[in-house]
Structure formats: C-alpha cells, structure tokens
Amino acid sequence: MKDIFAKLHDKMGPLGMHADDAHGYFTFPKLEGPIGPRMKFRGVEKLNWSLNNYLGLANHPDVMKADTDAAQQFGMAYPMGARMMSGNSNYHEQLEHDLAEFINKPDVILLNYGYQGVVSAIDALIDRHDVVVYDAEAHACIIDGLRLHLGKRFVYKHNNIDDCEKQLIRATKLAEETGGGVMVITEGVFGMSGSQGKLKEIVALKEKYNFRLFVDDAHGFGTMGKTGAGTGEEQGCQDGIDIYFSTFAKSMAGIGAFIGSDPHVIKFLRYNMRSQIYAKALPMPMVVGSIKRLEMIRTQPEHKDNLWKIVHALQGGLKDAGFNIGITTTPVTPVLLNGTIPEATHLTYDLRENYNIFCSIVVYPVVPKGVIMLRLIPTAVHTLEDVETTINAFKSVKSKLDSGEYRKEKLAAVN
Ligand SMILES: Cc1ncc(COP(=O)(O)O)c(C=O)c1O
C-alpha cells in the first residue's frame, strides 16, 4: 500500500507546479503598509491594482474607527458559539435588516464566509431530485457546492442564453421525471473577464420554464446599479433573483457574506445551512464594522462615483492605446496579451521592478494556454495620474513583449 502523501510531490497541480519558482513573488506576495493604491512590495512602494477594495473603504478613517471601537468594546471573541446556539446578537440582526433593505429583498441571512456560504447554501437548498443548470465560468465556490449535489447538473456555455435555454429544457424534462425542481446558478459579475451575467435574459426565461435563480454577485454588490445594490439592480431584474448572494470581501472591504431572499427561504437556511449551524458566528467588530460600511455605501454615493471615474479613465485609456480588455462592462479590467507562462513572468517582473506597478497576473489554467491576463481592479481611491502612469507602463512592456524581449525558456528568477 502506498503512503497517502507519496503523490503530493509529483501532483502539485497546475498552479502548485510553479511554487518553487514563484512563491513569495508571483504567488503569495506580501503587500505591506496601509491598504490602498500605494503599498510596499519587498520594501519598495508600488502602484497597486490588485485589491478588490472597489470603494476604497478598507482604510477609510470612519471604517477604521468603527472597527477599532467595536474591537475595543467587544474584543474578537464575542459572540461565542454558532448563532443558533449562543452566538446571536442584536447587531447581527441589525446588519441583516439593513442589508435586506438595501438590496430590496424581504430577508437576509449573514454568512461567515462567502465561499463556504455558497457551498453550504447549495447543499442546503438542492436535494438529489433537483436539477441544476449553471454557467461554465462559475466561481469555484459554485462548482464546489455542486460537487456536494447528488442529483444531475447541466452546464451551459458561458453567458450563452441559447445554450442556457437548451440545458433548461433538459433539466425541466429530468426534474419532471425525478419529481424535483430546477435551479439556475450564475454570477452577477464574472470576476476574471468583468462581463455581467445575463440576468435579465435568464429571468425572462422564467416565463417559459419553472426554475429558481441563484446569483453570486460578489463583484457587483456596491459597484453596480444606481444605488450600488448590485447587478440585479443594474439590469432592472432584482425581483427575478430568488437567491441573491454577495460577500463582504470586496466592496465592503471586510469578511463575511450574506444571502437575500424570501423570508421562508431565509428561515429554511437559518435552520439548515450546515456551515452556519456548526460554525462560530462572525465576530462583533466585523458585524459592527459592516453596519458602518453599508451605511457609507448607502449614504455616500461619491465612493461609487469615484470608482467609476477611474474605471472609465482606465478602460478608455487602455482601449485608446490599443489594448484588448475583452468584454468587460464592470470595474474588473483584464488586459489580454499573448505569450507563454515564462513570458508572463518576465513581463510582470519588469512591470513590478522597473515601473513599480503591481497587478495580478493570470495564466493557464484560469485563462487559455498562450494567453497572459493582467488583471487590474480600479478603486475609488486611485487617481487619474495613477491611470496615466499605468497606461504608459503597459505600452512600454507590451512593445517589449511584442519585440520578443521577454522570450525566455525559464520563469523569471525572483528569489
Ligand atoms: C464570485 C465570488 N464568489 C464567492 C467568493 C468567496 O467569497 P469569500 O472571500 O467571502 O469567501 C469570491 C471571492 O472572494 C468571489 O469572487
């Protein structure tokens, strides 16, 4: 019999296989100093485009004060236990109430983490008789939730409504045989490409088919829609979303997540979501701090306005300079280049070391082989000068890429 760990050396996975060369630089980099567009990387200040701090709230003095006051008053332990047993509080309930009002849903349940919350909500809501139809580019938390699903699932081509309908027809037929129902799952904003899920078109399919719609709006909450209530608001179809999920990890610049839905659904989730029943409640500073963040999102539209000013300048400037930024219609800004993984590392190294620009680099298997994606996340606290500096730097590294300057056999040596 084999030692169960024997395979770990040769099966590090598509990302792990680069660990020895990349660790600490391309993977697991440490950004230091106050969260914002300028942070230190290996001791040197960089212009940073890699944080999902869309509205710039992470380091806002009012947010910092709310967090620290709550930490001083309650510490990090309170409340102890899962909410069902001994960990509920008026603050947790107030945050749920405020969120429900903001996203225009009758009720909300708080979740400790987004990833774990989505997995667990799918597990709770869908049984072996039910059939799921989901977008091919759905986030890992949706895919992993579906791994727990004992019934059938049909994937549709990313954002392809014809294919979605085709899979709905198959799912409907099957659910009629099994006696179950159908759930469609997609994202509001796809975090890599920046495209929006076609929520309005999916909701329109409800006229022909009987299904419920689950939307993960991690990147849309706070950034999309007139009030920032998300992609459903943006597309005018919030009512048609049966399960509205978002995380606090992006616009809310915190930790935790929530689901908004009808009261009987939320009540069911409160009593059946294993990740909530069997896990400690969110600590008070996160809850009180989130109440403050939400109040700021609701009452201070300038954060979203600033974000979009930067988004338009960055995306417009990149396009004018001839860059391919794909099909984004949201703040997520991919810059798509062609090259190998070694080229991607040499380009990124040059960008970081010689132009002092830090952004995320995405390669195969997240994007197809031969594509290098530099992913920029504009925020409300970037400036127009930051945009100009970045576009000039991108022009320079792109011309080096095109002239073959980064064409090397090996990854950039960084350690
Ligand atoms: C689309 C999407 N869903 C869910 C999550 C997970 O949220 P959390 O970080 O709160 O676990 C993320 C990433 O944060 C995400 O991008």
Side-chain angles (χ1 to χ4, degrees), residues 15 28 35 50-55 57-58 92 95-96 99 103 108-125 132 134-148 155 158-159 183-199 202 213-224 230-232 234 241 243-260 269 273-276 279-283 285-287 289-290 293-294 328-334 360 362 366-367 373 375-379:
L15 297 171
F28 297 82
I35 294 172
S50 66
L51 306 183
N52 295 316
N53 177 29
Y54 287 113
L55 301 176
L57 298 186
H92 288 70
L95 178 54
E96 290 177 333
L99 281 163
I103 59 163
V108 154
I109 177 174
L110 276 185
L111 311 170
N112 294 357
Y113 294 99
Y115 176 96
Q116 170 225 63
V118 169
V119 169
S120 187
I122 292 173
D123 179 45
L125 289 167
V132 177
Y134 67 102
D135 190 284
E137 288 188 12
H139 189 265
C141 61
I142 297 172
I143 305 298
D144 291 355
L146 291 176
R147 285 184 180 172
L148 295 177
V155 62
H158 173 54
N159 256 348
M183 176 82 91
V184 175
I185 309 182
T186 183
E187 291 185 45
V189 171
F190 288 86
M192 287 293 152
S193 65
S195 56
Q196 290 178 56
K198 295 194 173 163
L199 307 185
I202 296 174
L213 175 59
F214 184 137
V215 175
D216 174 345
D217 204 22
H219 291 269
F221 178 81
T223 66
M224 303 298 291
T231 316
E234 171 80 20
I241 299 173
I243 304 283
Y244 179 90
F245 161 90
S246 192
T247 168
F248 296 159
K250 309 197 192 271
S251 282
M252 290 278 275
I255 203 157
F258 68 93
I259 283 175
L269 291 174
M273 268 183 84
R274 295 167 68 82
S275 68
Q276 299 308 119
K280 189 177 180 296
L282 277 178
M286 267 336 307
V287 176
S290 296
R293 289 159 170 79
L294 183 60
T328 181
T329 55
T330 67
V332 176
T333 306
S360 302
V362 184
V366 182
V367 289
M373 184 167 104
R375 179 169 171 268
L376 305 177
I377 299 293
T379 72

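Counting starts at 1 for both ligands and their atoms, following the listed order.
Protein heavy atom at the shortest distance from atom 5 (C) of ligand 1 is His139 CE1, 3.7 Å. Nearest protein heavy-atom neighbour of atom 9 (O) of ligand 1: Ala249 CB, 3.6 Å. Here the heavy atom of the protein found nearest to atom 10 (O) of ligand 1 is Thr247 OG1, 2.7 Å. Looking only at heavy atoms of the protein, atom 3 (N) of ligand 1 is closest to Asp216 OD2, 2.6 Å. The shortest contact between atom 6 (C) of ligand 1 and any protein heavy atom is with Tyr115 N, 3.3 Å. At the shortest separation from atom 13 (C) of ligand 1 among protein heavy atoms lies Lys250 NZ, 3.0 Å. Atom 8 (P) of ligand 1 has its closest protein heavy atom at Gly114 N, 3.5 Å.
Between the CD atom of Glu96 and the CG atom of Leu110 there is a distance of 4.0 Å, given to the nearest 0.5 Å.
Taking 4.5 Å as the limit, some side-chain heavy atom of Ile259 sits within range of a side-chain heavy atom of Leu269.
Look at Ala257 and you'll find every heavy atom at least 4.0 Å from all atoms of ligand 1.
Neither the backbone nor the side chain of Gln116 has a heavy atom within less than 4.0 Å of ligand 1.
The shortest non-hydrogen separation linking Met373 to Met192 is CE-O, 3.4 Å. Gly260 and Ile103 make their closest contact through CA-CD1, 3.9 Å (heavy atoms, listed as atom of the first residue, atom of the second, distance). Smallest separation of non-hydrogen atoms from Asp216 and Ala218: OD1-N, 3.0 Å.
At distances below 3.5 Å, not a single donor-acceptor pair connects side-chain atoms of Gln196 with backbone N or O atoms of Val189. With hydrogens and angles ignored, the 3.5 Å screen pairs no side-chain donor or acceptor of Thr247 with any backbone N or O of Gly114.
The ligand atoms of ligand 1 that sit less than 4.0 angstrom from a heavy atom of Glu187 are 1 (C). Near Cys141, meaning under 4.0 Å from any of its heavy atoms, are these atoms of ligand 1: 3 (N), 4 (C). Of all the atoms in ligand 1, the ones that sit under 4.0 Å from a non-hydrogen atom of His219 are 16 (O).
Annotation: Ala218 places no N or O atom under 3.5 Å from an N or O atom of ligand 1; distance criterion only.
Between Phe258 and Phe221, the ring planes lie perpendicular to each other; the angle is over 60°, past the 30° to 60° tilted range.
Partner Phe190 forms a ring pair (Phe, Tyr, Trp, His ring centres under 6.0 Å) with one of His219, His139, His158 and no other, that one being His158.
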